[in-house]
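To start, the structure itself, in structure tokens.
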Amino acid sequence: MPRLAQVTPLAPLAVPSSALDVSRQEITYHREGRVLRTVIWIPSTPAKVPAVVFSHGLNGTPESFAPLLTAWAAAGFAVIAPAYPNTTRSAPRLDVYDVLNQPADASFVLSQVLAGPLGKRIDGNRLAAAGHSAGAITTVGLFTAGRDARLHAGIILAGSGLGVGTAFTGTPASLLFVHGDADPLVSYASGKATYDVVPWSKAMLTLPGGNHNDPYLSPGASSFAEVQSLTVAFLLLELYGDTSARQQLPRGPSFDDRL
């Protein structure tokens with residue numbers, strides 16, 4: 001087994017002692033004719049917080065993921081979620097190939113937020129990307145062909161390297177994969193194959209019997225709480241430098257932990 005490139009840990013940042021109140025804003029940005037309606041969830045705290053840029057899947061919306069994303073925000077993370085012009089639910093015509101343009105959209109939106117008024121509330125040295133399905137492919141792209149050097153970590157929910165490739169490049173970043181082994185839309189095998197070639201610190205949670213949507217979109221699903229707990233712990237570990245968060249990571253054969 002090849003030795004993985006280790007990620008340089010960030011200096012510890014004070015972790016919120018309890019769940020924070022969360023506010024929601026909506027801002028629209030424009031990039032080369034591409035309209036990027038963006039929903040931002042941000043915790044109410046005077047301290048600067050880390051941020052996660054989140055990408056929805058095909059025919060999805062940022063709001064669809066509100067239960068998961070507000071949980072991240074309440075744990076101390078600003079969540080920046082663009083609605084992509086040709087893959088969101090309100091798109092005049094869904095274009096799956098436009099996913100290839102979305103890593104650049106995500107980087108652009110992140111830059112705009114950091115340069116705007118909300119940037120004063122975000123720690124620009126503690127940034128991650130995350131996404132589901134086509135948004136997870138977008139996220140992989142942010143660490144491969146469209147590498148955003150600002151990103152320290154990534155979360156790939158039911159995704160793969162389809163279209164964006166698996167040539168991971170740049171400074172090592174910690175990556176977390178979550179995939180149901182009964183996913184009928186993005187095969188578990190494709191997600192695992194992408195995970196296997198990540199050359200950096202990484203982990204993968206396999207959800208036995210997990211489908212494509214419920215673990216990430218449906219709070220009533222048995223696996224939703226597991227995904228929420230794991231992703232919060234991962235973000236605390238990687239962006240807050242909170243080593244105690246390791247105790248919240250799963251144990252057992254379904255979790256390959258190489259962080």
Side-chain angles (χ1 to χ4, degrees), residues 19 22 39 41 52-77 79 81 87 89 99 128-140 143 153-162 174-196 198 201-240 242 244-259:
V22 177
V39 181
W41 288 272
V52 184
V53 58
F54 181 84
S55 298
H56 64 77
L58 194 66
N59 202 32
T61 66
E63 290 86 352
S64 300
F65 294 88
L68 180 62
L69 303 187
T70 54
W72 292 358
F77 303 91
V79 182
T87 62
R89 189 169 301 159
V99 171
H132 171 251
S133 190
I137 294 171
T138 300
T139 302
V140 171
F143 295 95
I155 299 175
I156 291 88
L157 305 174
S160 72
L162 180 66
S174 297
L175 297 185
L176 170 66
F177 285 63
V178 182
H179 215 121
D181 64 8
D183 189 327
L185 296 181
V186 178
S187 73
Y188 175 79
S190 68
K192 179 65 162 55
T194 301
Y195 170 75
D196 285 342
V198 174
S201 299
K202 60 185 177 180
M204 183 169 185
L205 176 66
T206 299
L207 299 171
N211 64 24
H212 189 66
N213 290 322
D214 288 345
Y216 325 104
L217 289 158
S218 303
S222 59
S223 53
F224 182 88
E226 183 178 13
V227 171
Q228 177 179 306
S229 175
L230 169 60
T231 52
V232 167
F234 173 78
L235 291 171
L236 288 172
L237 175 63
E238 299 301 332
L239 297 189
Y240 271 87
D242 177 19
S244 70
R246 286 189 178 277
Q247 300 172 13
Q248 303 169 42
L249 299 178
R251 291 177 176 82
S254 64
F255 188 59
D256 181 36
D257 184 0
R258 304 180 66 190
L259 295 172

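Along the sequence shown, residues are numbered consecutively beginning with 1.
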*Step-by-step side chain to side chain contact (heavy atoms under 4.5 Å, CB included) determination, Phe255 to Leu230*: CA-CA 10 Å; Phe255 188 59; Leu230 169 60; 4.0 Å; yes
*Please report the closest heavy-atom contact between Ala130 and Val52, naming both atoms and the distance.*
CB-CG1, 3.9 Å
*Does the side chain of Met204 reach to within under 4.5 Å of the side chain of Lys192, using non-hydrogen atoms?*
yes
*In chain order, what residues pass the side chain to side chain donor-acceptor pair (under 3.5 Å) check against Ser244, with sequence neighbours excluded?*
Asp242
*Kindly state each residue pair satisfying salt bridge (charged side-chain N to carboxylate O under 4.0 Å, His left out) with at least one member in residues 177-191, sequence neighbours excluded.*
none
*Write down the atom of Val140, the atom of Ser160, and the distance for their closest heavy-atom approach.*
CG2-O, 3.5 Å
*Can you tell me how far the CG atom of Leu157 sits from the CG atom of Leu176, to the nearest 0.5 Å?*
7.5 Å
*Find the distance between CD (Gln248) and CZ (Phe234) and round it off to the nearest 0.5 Å.*
13.5 Å
_Please check: side-chain N/O of Thr139 versus main-chain N/O of Gly135, any donor-acceptor pairing under 3.5 Å?_
yes
*Contacts of Ser55 that satisfy side chain to side chain donor-acceptor pair (under 3.5 Å) - sequence neighbours left out*: Tyr84
*Please lay out, stage by stage, how Val178 and Glu226 fare under the test side chain to side chain contact (heavy atoms under 4.5 Å, CB included).*
CA-CA 10 Å; Val178 182; Glu226 183 178 13; over 6 Å; no
_For Ala134, all residues meeting side-chain contact (heavy atoms from CB on, under 4.5 Å), sequence neighbours excluded_ = Leu58, Val99
_Among residues at least two apart in sequence or on other chains, which ones pass salt bridge (Lys or Arg N to Asp or Glu O under 4.0 Å) with Asp256?_
none
_Heavy-atom side-chain proximity of Phe224 to Ser218 below 4.5 angstrom_ = no
*Shortest non-hydrogen contact from Ala153 to Glu238?*
CB-CB, 3.9 Å
*Least distance between heavy atoms, Pro62 atom then Leu69 atom*: O-CD1, 4.1 Å
_All ring-ring contact (aromatic ring centres under 6.0 Å, His included) counterparts of Phe177, not counting sequence neighbours_ = Tyr195
_Is any side-chain heavy atom of Leu207 closer than 4.5 Å to one of Tyr216?_
yes
*Hey, does Phe54 have a side-chain heavy atom less than 4.5 Å from the side chain of Ile155?*
no
*Can you name the side-chain contact (heavy atoms from CB on, under 4.5 Å) partners of Ser133, sequence neighbours left out?*
Val186, His212
*Taking atom OG1 of Thr231 and atom CH2 of Trp72, what is their separation to the nearest 0.5 Å?*
5.0 Å
_Taking the side chain as everything from C-beta on, heavy atoms only, tell me whether His56 gets closer than 4.5 Å to Thr138._
no
*Is Ile156 close to Thr194 at the side-chain level, that is, under 4.5 Å between some pair of heavy atoms?*
no
_Holding to side chain to side chain donor-acceptor pair (under 3.5 Å), I want the full list of residues that pass it with Arg89, two or more places apart in sequence or in another chain._
Ser64
*asked:* Do Ser254 and Leu205 have side chains that approach each other closer than 4.5 Å (heavy atoms only, starting at C-beta)?
replied: yes
*Please name all residues satisfying side chain to side chain donor-acceptor pair (under 3.5 Å) with Ser223, sequence neighbours left out, ordered by chain then number.*
none
*Sequence neighbours left out, what passes side-chain contact (heavy atoms from CB on, under 4.5 Å) with Ala75? Give chain and number order.*
Phe77, Val232
*Pairs flagged by salt bridge (charged side-chain N to carboxylate O under 4.0 Å, His left out) wherever residues 201-224 is involved - sequence neighbours left out*: none
*Write down the atom of Trp41, the atom of Ala81, and the distance for their closest heavy-atom approach.*
CZ3-CB, 4.0 Å
*asked:* Once salt bridge (charged side-chain N to carboxylate O under 4.0 Å, His left out) is applied, what residue pairs with a partner in residues 54-68 remain, sequence neighbours excluded?
replied: Arg24-Glu63, Arg37-Glu63
_Minimum heavy-atom distance Gly159-Ala136, with the two atoms named_ = CA-CB, 3.5 Å
